[in-house]
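Remarks on the structure that follows.
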Protein chains: 2
Amino acid sequence: MNIKEVARLAGVSTATVSRTINDSEKVTWETAERVRKAIQTLRYYPNTNARALGSGRSSLYGLIISDITNPFFPELVKSFEDIAVRNGREILVANTDYDPHRTEHCVSRMLQRKVDGVAIMTTEMEPRLIEELSRREIPLVFLDTARPQGNVSTITIDYAAGIGAAIEHLYTLGHRRIAFISGSPAHKSSRARLEAFRKNMRAHKLPLEFEDIVQGDHTIEGGFRAMQQLLERKPVPQAVLCSNDLTAIGALRAVHQTKLRVPRDISLVGFDDITISGYTEPPLTTVRLPRAEIARAAFAALHTRSGRGHKREHVVQPSLVLRETTAPPADGAPAKKTRARAR
Amino acid sequence: MNIKEVARLAGVSTATVSRTINDSEKVTWETAERVRKAIQTLRYYPNTNARALGSGRSSLYGLIISDITNPFFPELVKSFEDIAVRNGREILVANTDYDPHRTEHCVSRMLQRKVDGVAIMTTEMEPRLIEELSRREIPLVFLDTARPQGNVSTITIDYAAGIGAAIEHLYTLGHRRIAFISGSPAHKSSRARLEAFRKNMRAHKLPLEFEDIVQGDHTIEGGFRAMQQLLERKPVPQAVLCSNDLTAIGALRAVHQTKLRVPRDISLVGFDDITISGYTEPPLTTVRLPRAEIARAAFAALHTRSGRGHKREHVVQPSLVLRETTAPPADGAPAKKTRARAR
DNA sequence: CTGTTAGCGCATTCAC
DNA sequence: GTGAATGCGCTAACAG
């Protein structure tokens, strides 16, 4: 079943069929109707491969993410896809699993499929691979890394503000000893969050003990184990900030395996605000990263390829979502309160 | 950049380049090496569209799921993709969102991309759409619906056994009044689970009050609201079985918003065993649906296209995972125990 | 083992 | 507004 048969049945040329498929203006409504009918009776579906080959455009946008198993990403993928579909585009999602080898494979797929643009939502990507995309002048948009220039746009997350709000919140509650469970230092996004934490702690003149920063890996299990380490410390931290929500969920479980309670004995704050965070026990106080906005900005960056007049940087502001894992520390307001006010 | 330039640089014909790309045996190692070098220096990536067009094969398998936001699916997608990649295939995932209109769009995409097979992991699909795929002799594999024949294989989930194990477990603990939170009756998978529940309740001669079966929608929020309804009943059920884990997570939250505790006052059982279920508070007792096995079976069904000698039906057995949301009922062993033993 | 050639199915000139 | 012809980049069949 191909365009030829449709043309024959409709009594027109293949060119006319092609035109009606592509909503070309210059087709009489009547002939278009005839063609449409033929398409329907033949159950004809145009071959995407041939279309892309003939036109040179794929109408495909790539979306590279690092871990589809982290609920943050499906929520992002969904938003992105919705927008793409509304704009008559398809998306090709590829998963790196934080693995350089697979990342290369992902980029290769994008290149081979001749995508019209790529949204790179993972921070781990060798310059060589970026260069590979860049040299072909494929519109690129990065989440949280690289600086805008030429064909690349950037969506920047104001980690400092987001994590700052969290720390400010804990500080106001009276917490002074705040620990942090990071992601893998191998990942730029993890490092950025950790840095934001350090910076804000310093700004509040809060102590930053080496052992109060423990490493997770942005999975539940990682958060669980990291919190177990933290719990071995005596006394335990008053509050723990987690590099993402999955980490916090694991940490929550670790605390509750002991006699301690959240937030009575330890306050806990996550980062991302995935859907499930509203339903943990207790519901997780966290910093929201607005997925829909990120998706919208990413799509716009790729779609407004013209470049002209399109700003190449979009800053998204995380926002603190207060739920029930934070409360004043059990040991009451600390002595340092005065100094804190003076900051 | 195309095959011609590579051929020119390597001093061979395009056919030879094509052969080396496709690992054809009949290319001298030396010429192949020359070609490979040319490919590398030119940073050539073969055009997938053209390859598919020329060969007639797309090396693409479609995967249709209903809700990428339900963690069950990403875990499934991941398994499926891993296997596909290992076998040199790509996958095209499409989301129906339980929407008939979008479902049609998904099928259309599959058809247009000329996929070599489709795994349909959603139970909602009009016969017309299936027919559309079927008539083109595209290998199909369904999760949990349709019966095997011709080009379609089936992966059947033994809901009765899985849910039976859960009910048996509750029954042994002493529970007699067991409620159920279903998914949307519009979805076949929901109905199947509900039916399995009914059947097993009857088998245990347990009461099945109309009001003890309340409707959710397989989301956390749906489970939350459904449980709230259940909690309005006096007395509340001794145990609640949920149609999936998200439902159970929402239900758990609803219980904990009251003075009641799980499992002290109410036992709770989920279905799916998504990763997060091991970390809820308390960890969720649930029925595991083995994702990796489903993915493996689905891929095998599509890939072993020869059909000959390949069994078209694969039954997967769910298994009960005991965690901490189930316990004997607070009101002690029920009077009916004797009768129960007699069953 | 390698080169030549003819499509694959469609979009897109360029005429009419 | 419509048709005929060309080419997109590659594979496959056929020669050699």
Side-chain angles (χ1 to χ4, degrees), chain A residues 1-39 42-60 88 90 108-116 136, chain B residues 1-39 42-60 88 90 108-116 136:
Chain A
M1 179 50 44
N2 57 26
I3 203 172
K4 237 175 184 165
E5 298 191 41
V6 176
R8 192 149 44 78
L9 179 58
V12 297
S13 72
T14 62
T16 299
V17 176
S18 175
R19 289 192 189 101
T20 62
I21 289 174
N22 295 295
D23 295 317
S24 168
E25 304 303 310
K26 29 186 178 178
V27 180
T28 317
W29 194 86
E30 283 116 38
T31 57
E33 198 54 26
R34 248 188 14 255
V35 171
R36 279 191 284 268
K37 211 162 70 185
I39 286 178
L42 290 178
R43 300 173 196 288
Y44 164 75
Y45 287 84
N47 183 321
T48 305
N49 300 122
R51 295 230 276 176
L53 193 56
S55 70
R57 282 169 278 102
S58 66
S59 297
L60 229 198
E90 277 192 85
S108 172
R109 282 176 63 191
M110 301 292 159
L111 257 14
Q112 301 188 182
R113 290 233 172 246
K114 304 294 179 240
V115 297
D116 292 339
R136 288 174 176 74
Chain B
M1 180 52 42
N2 58 28
I3 205 172
K4 237 175 185 166
E5 298 192 43
V6 176
R8 192 149 44 79
L9 179 58
V12 297
S13 71
T14 63
T16 299
V17 175
S18 175
R19 288 189 191 102
T20 62
I21 289 173
N22 295 295
D23 295 318
S24 168
E25 305 303 310
K26 28 188 181 174
V27 180
T28 317
W29 195 85
E30 283 117 37
T31 59
E33 198 54 25
R34 241 180 29 248
V35 171
R36 278 192 285 269
K37 211 163 69 184
I39 287 179
L42 290 178
R43 299 175 195 288
Y44 164 75
Y45 287 85
N47 183 322
T48 305
N49 300 121
R51 294 231 273 178
L53 193 56
S55 69
R57 282 171 280 100
S58 66
S59 297
L60 228 199
E90 277 192 85
S108 173
R109 282 177 64 191
M110 301 292 159
L111 257 14
Q112 300 188 185
R113 290 233 171 246
K114 306 294 180 239
V115 297
D116 291 339
R136 289 174 175 73

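Letters A, B, ... are given to chains in the order of the sequence lines, protein chains preceding strands, and every chain is numbered from 1.
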- Item | Contact under 4.0 Å: A/Tyr45 side-chain N or O vs C/dC10 OP1/OP2 | no

- Message: Tell me the interatomic distance from A/Glu5, atom CD, to C/dC8, atom P, rounded to whole angstroms.
- Response: 12 Å

- Query: What integer distance in Å separates B/Glu30:CD from C/dT2:P?
  - Reply: 9 Å

- Item | A/Gln112 vs B/Pro46 side-chain heavy atoms within contact, under 4.5 Å | yes

- Would you mind reading off the distance between B/Leu111 atom CG and C/dG9 atom C1', rounded to a whole angstrom? 15 Å

- Message: Nearest whole Å is fine: how far is D/dG9 C1' from B/Leu42 CG?
- Response: 15 Å

- Between C/dG9 (P) and B/Arg57 (CZ): distance, integer Å: 14 Å

- Please round to the nearest 0.5 Å and tell me the distance separating atom CZ of A/Arg113 and atom CG of B/Leu60. 4.5 Å

- Message: Counting the atoms with a prime plus P, OP1 and OP2 as sugar-phosphate, which does A/Val17 contact under 4.0 Å by heavy atoms, base, sugar-phosphate, or nothing?
- Response: nothing

- Whole angstrom value for the distance that separates P of D/dC8 from CD1 of B/Ile3: 14 Å

- Message: Taking the nucleotide of DNA chain C with the nearest heavy atom to each, does B/Thr16 or B/Ser55 sit closer to the 5' end?
- Response: B/Thr16

- Are A/Tyr44 and A/Ile21 side-chain neighbours, meaning at least one heavy-atom pair lies under 4.5 Å? yes

- Task: Look at all strands and tell whether A/Thr28 reaches a base, only sugar-phosphate, or nothing, counting heavy atoms closer than 4.0 Å.
- Result: sugar-phosphate

- Task: Tell me which of A/Lys26 and A/Asn22 sits closer to the 5' end of DNA chain C, going by the nucleotide each one is nearest to.
- Result: A/Asn22

- Which nucleotide in D/dC10, D/dA5, C/dT13 has an atom nearest any side-chain atom of A/Thr14: D/dA5

- Compare the minimum distances between each of D/dA12, C/dC10, D/dC10 and the side chain of B/Pro46, then state the nucleotide with the smallest one. D/dC10

- CE of B/Met1 versus C1' of D/dC8: gap in Å, rounded? 15 Å

- Note on the structure: From the candidates D/dC10, D/dA5, D/dA13, the one with an atom nearest any side-chain atom of B/Asn47 is D/dC10

- Message: Distance check needed: C/dT12 P versus A/Asp23 CG, whole Å only.
- Response: 13 Å

- To the nearest 0.5 Å, atom CD1 of A/Ile39 lies from atom OH of A/Tyr45 at 11.0 Å

- Can you figure out which of D/dG1, D/dC8, D/dT11 approaches the side chain of A/Leu53 most closely? D/dC8

- Task: Consider the side chain of A/Arg51, meaning its heavy atoms from C-beta on, and name the nucleotide among C/dT12, C/dT2, C/dC10 that approaches it most closely.
- Result: C/dC10

- Message: Classify B/Asn49 by what it touches in the nucleic acid, base, sugar-phosphate, or nothing, heavy-atom distance under 4.0 Å.
- Response: nothing

- If you look only at pairs with a residue in residues 26-35 of chain B, which of them pass as a salt bridge (charged side-chain N to carboxylate O under 4.0 Å, His left out), with sequence neighbours excluded? B/Glu33-B/Arg36

